[in-house]
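Predicted model, so just to flag it, every value in this text is computed and none were measured. Starting from 1, each residue takes its place in the sequence as its number.
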Amino acid sequence: MNLLEMNHIRKTFDDLEVIKDISLSVKEGEILSIIGPSGSGKSTLLRCATMLEEIDGGEILYMGERAAWMEGKKACHPGKAQMKRLQEYFGLVFQSFNLFPHYSVMKNLTDAPINIQKRNKEEVYREARELLAKMGLEDKEDAYPCQLSGGQCQRVAIARALALNPKIMFFDEPTSALDPELTGEVLKVIRSLADLHITMVIVTHEMSFAREISDRVIFMDKGVVALEGTPEEVFTSSHNRMQEFLGKFRQH
């Protein structure tokens, strides 16, 4: 069964159509990377998938249930309780971490599971400590974001998203704000999630990482899916725009 389905998605800002009729699906356990030049609509697509942006066309389904659809020119969503349940299917990691600066690392991880998901406090704290250990941050639970490096903040952000036990994880350029050394430590964490068969959709500029970790790769260009396939098919494709795009990376 498809965990996520996006059918004929459109998104316009003012008069600019940023996403033009994109359809994609993600199966349970699958890792999908979305690559493409800046301004091709990758992050907007992720923001539509997570309902941070209203769609202007198409529909979004999680586990076969509609989370967003159009009625006339208006985007619609299910009722509050159903919407809350659907939103618990996914976790989102931003490029800018978005941690609560006035919360300790532990409170950043445990606040939503306890107060929003109403889960057992002891169980949430135990899971949070396990996640911090997995991230190599077991000694940082009382630290505040301002006391951490960018790479540590991003690992806390990943742990915070995982603390909600989502079925699918979205990563929006998780390393673009980090220097090369810190990028390596965050990519290592994401690789470890792949070993746990966590479903992931990753918008990334890290080409060798996308090639190595993904089951499928989508190359977006000017708001459309220009190319889709296995990493091998996409990265060795003779598609003009893809070759041009990869050429820019080879020059660096």
Side-chain angles (χ1 to χ4, degrees), residues 4-26 30-58 60 90 92-98 150-151 154 157 168-184 186-187 190-191 194 200-252:
L4 167 68
E5 259 180 74
M6 300 181 80
N7 299 321
H8 305 294
I9 302 299
R10 293 177 182 278
K11 179 66 191 172
T12 305
F13 292 110
D14 299 323
D15 292 331
L16 181 67
E17 198 173 19
V18 182
I19 294 174
K20 308 167 184 174
D21 194 16
I22 285 185
S23 297
L24 64 86
S25 60
V26 184
E30 187 173 31
I31 297 172
L32 171 70
S33 285
I34 302 175
I35 61 171
S38 295
S40 57
K42 308 181 300 293
S43 291
T44 303
L45 188 66
L46 226 56
R47 291 177 67 82
C48 288
T50 53
M51 269 71 76
L52 291 172
E53 293 285 358
E54 290 283 24
I55 55 173
D56 292 319
I60 298 169
F90 58 80
L92 179 58
V93 176
F94 300 89
Q95 44 186 305
S96 54
F97 326 135
N98 286 19
Q154 193 56 295
I168 183 168
M169 285 280 284
F170 292 101
F171 293 90
D172 184 11
E173 308 261 9
T175 58
S176 68
L178 304 176
D179 65 39
E181 192 181 333
L182 299 178
T183 292
V186 171
L187 295 181
I190 299 174
R191 275 192 196 94
M200 293 188 268
V201 177
I202 306 168
V203 168
T204 184
H205 274 121
E206 301 291 332
M207 291 304 117
S208 54
F209 174 71
R211 189 169 187 164
E212 170 201 335
I213 198 172
S214 311
D215 296 303
R216 248 182 336 127
V217 175
I218 281 176
F219 172 60
M220 277 180 69
D221 186 34
K222 298 188 176 113
V224 299
V225 173
L227 202 57
E228 180 178 357
T230 64
E232 201 51 34
E233 287 165 348
V234 171
F235 283 100
T236 59
S237 160
S238 54
H239 187 284
N240 276 350
R241 284 292 288 141
M242 183 68 192
Q243 284 308 316
E244 208 177 293
F245 175 66
L246 288 177
K248 290 194 175 115
F249 279 92
R250 293 192 190 106
Q251 285 157 21
H252 288 317

List for me each residue that meets side chain to side chain contact (heavy atoms under 4.5 Å, CB included) alongside [X], sequence neighbours excluded, and say none if there are none.
X	value
H205	S38, K42, E173, F249
V26	L4, L24, E30, L32, I168, T199, V201
A177	none
T44	K11, F13, V18, I19, C48

Interatomic distance, [X] atom [atom1] to [Y] atom [atom2] [nearest 0.5 angstrom]:
X	Y	atom1	atom2	result
E228	I34	CD	CD1	9.5 Å
F235	I35	CZ	CD1	4.0 Å
I55	I22	CD1	CD1	12.5 Å
M6	S23	CE	OG	9.0 Å
T12	E54	OG1	CD	13.0 Å
E244	H239	CD	NE2	10.0 Å

Who passes side chain to side chain donor-acceptor pair (under 3.5 Å) against [X], sequence neighbours left out?
X	value
E181	none
S43	D172
N98	S96
R211	E232

When you compare the side chain of [Y] with that of [X], does any pair of heavy atoms fall below 4.5 Å?
X	Y	value
P37	R241	yes
V93	M169	yes
F94	L46	no

Is a donor on one side and an acceptor on the other found under 3.5 Å between the side chain of D221 and the backbone of A226?
->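 No; zero donor-acceptor contacts below 3.5 Å.
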Report yes or no: does K20 contribute a side-chain atom to a donor-acceptor pair with the main-chain N or O of K222 at less than 3.5 Å?
->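 Yes, because the side chain of K20 sits within donor-acceptor range (under 3.5 Å) of the backbone of K222.
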Looking only at heavy atoms, what is the nearest atom pair of [X] and [Y], with distance?
X	Y	answer
Q95	S176	OE1-OG, 2.9 Å
A210	T204	CB-CG2, 4.0 Å
T175	L187	CG2-CD2, 3.7 Å
I190	P174	CD1-CG, 3.8 Å
A157	F97	CB-O, 3.7 Å
G151	L182	N-CD1, 3.6 Å

Sequence-distant partners of E17, salt bridge (charged side-chain N to carboxylate O under 4.0 Å, His left out), two or more places apart =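 Result, salt bridge (charged side-chain N to carboxylate O under 4.0 Å, His left out) vs E17: R10.
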With sequence neighbours excluded, tell me which residues meet salt bridge (charged side-chain N to carboxylate O under 4.0 Å, His left out) with E233.
->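 Not a single residue meets the salt bridge (charged side-chain N to carboxylate O under 4.0 Å, His left out) criterion with E233.
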Please collect all ring pair (Phe, Tyr, Trp, His ring centres under 6.0 Å) contacts where either partner lies in residues 208-230, sequence neighbours excluded, each pair once.
->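 Of all non-adjacent pairs touching residues 208-230, those that pass ring pair (Phe, Tyr, Trp, His ring centres under 6.0 Å) are F219-F245.
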List for me each residue that meets ring pair (Phe, Tyr, Trp, His ring centres under 6.0 Å) alongside F171, sequence neighbours excluded, and say none if there are none.
->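 Per chain and number, F171 pairs via ring pair (Phe, Tyr, Trp, His ring centres under 6.0 Å) with no residue.
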